[in-house]
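Please read these numbers as outputs of a predicted model, since none were measured by experiment. Residue numbers count from 1 along this sequence.
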Amino acid sequence: MQNTIMRHDWTKEEILEIYNRPIMNLLYDAASIHREHHNPNQVQVSTLLSIKTGGCPEDCGYCPQAARYHTDIEGNDLMSVQQVKAQALRAKAGGSSRVCMGAAWRNVKDGPEFDQVLEMVRTINKLDMEVCCTLGMITENQAHRLAEAGLYAYNHNLDSSEEYYKEVISTRGYQDRLDTIDNVRKTNVTVCSGGIIGMGEKLEDRAGMLVALASLNPQPESTPINALVAVDGTPLEEQEPVSIWEMIRMVATTRIVMPQTQVRLSAGRTSMSREGQAMCFFAGANSIFAGDKLLTTPNPDVNEDMKMFELLGLEPMRPFVKKAQPESVEAQYSAYKDQGEKPKWSRPEHKIERNEQAKQAAKALKTS
């Protein structure tokens, strides 16, 4: 079994060796490390709430919220604070300890909408729930403003290896992802960062993503492992779904490489049996998203999840087990103010053929 000393120098070759171990050995090694660092019978339950849906200017090949693709996603403007509070109370009643708010933005822009998001953070934190946001790229000052509001975690996924990232997204750079994570690390907010498997990447790319995540110091407190949900109209609509064994291997490998991280069993659970999910929990997954949707893609019903927990003898983790609850500073007392920042995040703008084809297909549908 691997030494469980925290390492930041994993190589692709080492990670591939772990991933490709005989499944019984891999499960034993991952479960042993999981039990050393976590309660194996507790799973953290989060609710993902799309506070602003659709109209995103990016060209991420997997995303139905990209404005350039035709995916029949019903967009909505930024939700009100009261709407978000009502959803958070519903999530809490259903067993969630964390609300993750997602907005289809390229990056945060200072102004009234960001001020509204900050008030959402304060409101949910006062409900004694962990608050996470995924809002795109953020500056250091914006990260501090979120921290002051009471943000518990910030999600910014690396998606894949740096090499394969260029085959999926052309409108933003990999370094921008790392710079945003670095900005979050300058505050007391925890980092949530992971990726997606099943986008056509090689095993070396999955290992490369884990190298990038494990090399961060400290490593992310939370790492979502998503299975691609292929949506009609996106460039990746014809990708074959990954098998449950690929998910189990990815979860187990992530657990071994990042022993103290909460490994999130994220998108793709609707196609997983209870037995398959149980294997993922055994392999080291200790967090799920509950609710009928993950931003825009289907997700198992929360009641079904609670039945599964009862069957497996699992219990939802209470909030603030891993880190103390942050205090919310009211807007008028904030030390960090709106600076009207207009950062120049990179736009590589190389051409990805399948993304261009999906874009042209969407244009044709709109003009027909």
Tell me, with the steps shown, if Asn183 and Lys186 meet side chain to side chain contact (heavy atoms under 4.5 Å, CB included). CA-CA 5 Å; Asn183 287 336; Lys186 294 170 184 175; 3.7 Å; yes
Can you find a side-chain donor-acceptor pair between [X] and [Y] that sits under 3.5 Å?
{"X": "Arg145", "Y": "Ser334", "answer": "no"}
{"X": "Arg185", "Y": "Tyr154", "answer": "no"}
{"X": "Ser160", "Y": "Asp205", "answer": "no"}
{"X": "Gln262", "Y": "Ser287", "answer": "no"}
{"X": "Asp128", "Y": "Gln325", "answer": "yes"}
{"X": "Gln42", "Y": "Arg318", "answer": "no"}

Assess whether a salt bridge exists between [X] and [Y], defined as any Lys/Arg side-chain N lying under 4.0 Å from an Asp/Glu carboxylate O.
{"X": "Arg274", "Y": "Glu304", "answer": "yes"}
{"X": "Glu14", "Y": "Arg7", "answer": "yes"}
{"X": "Lys52", "Y": "Glu113", "answer": "no"}

Tyr62 and side-chain hydrogen bond (donor to acceptor under 3.5 Å, both in side chains): which partner among Thr234, Asn226, Asp159? Asp159
Distance-minimising heavy-atom pair for Ile244 and Cys280: CD1-SG, 4.4 Å
To the nearest 0.5 angstrom, please state how far the CG atom of Asn188 sits from the CG atom of Leu151. 9.0 Å
How about Glu353: does its CD atom have over 12 heavy atoms from other parts shown lying under 6.0 Å from it? no
Does Lys323 make a cation-pi contact with Tyr152, if we ask for NZ or CZ under 6.0 Å from the ring centre and within 45° of the axis? yes
Set of ring-ring contact (aromatic ring centres under 6.0 Å, His included) partners for His34, sequence neighbours left out: His38
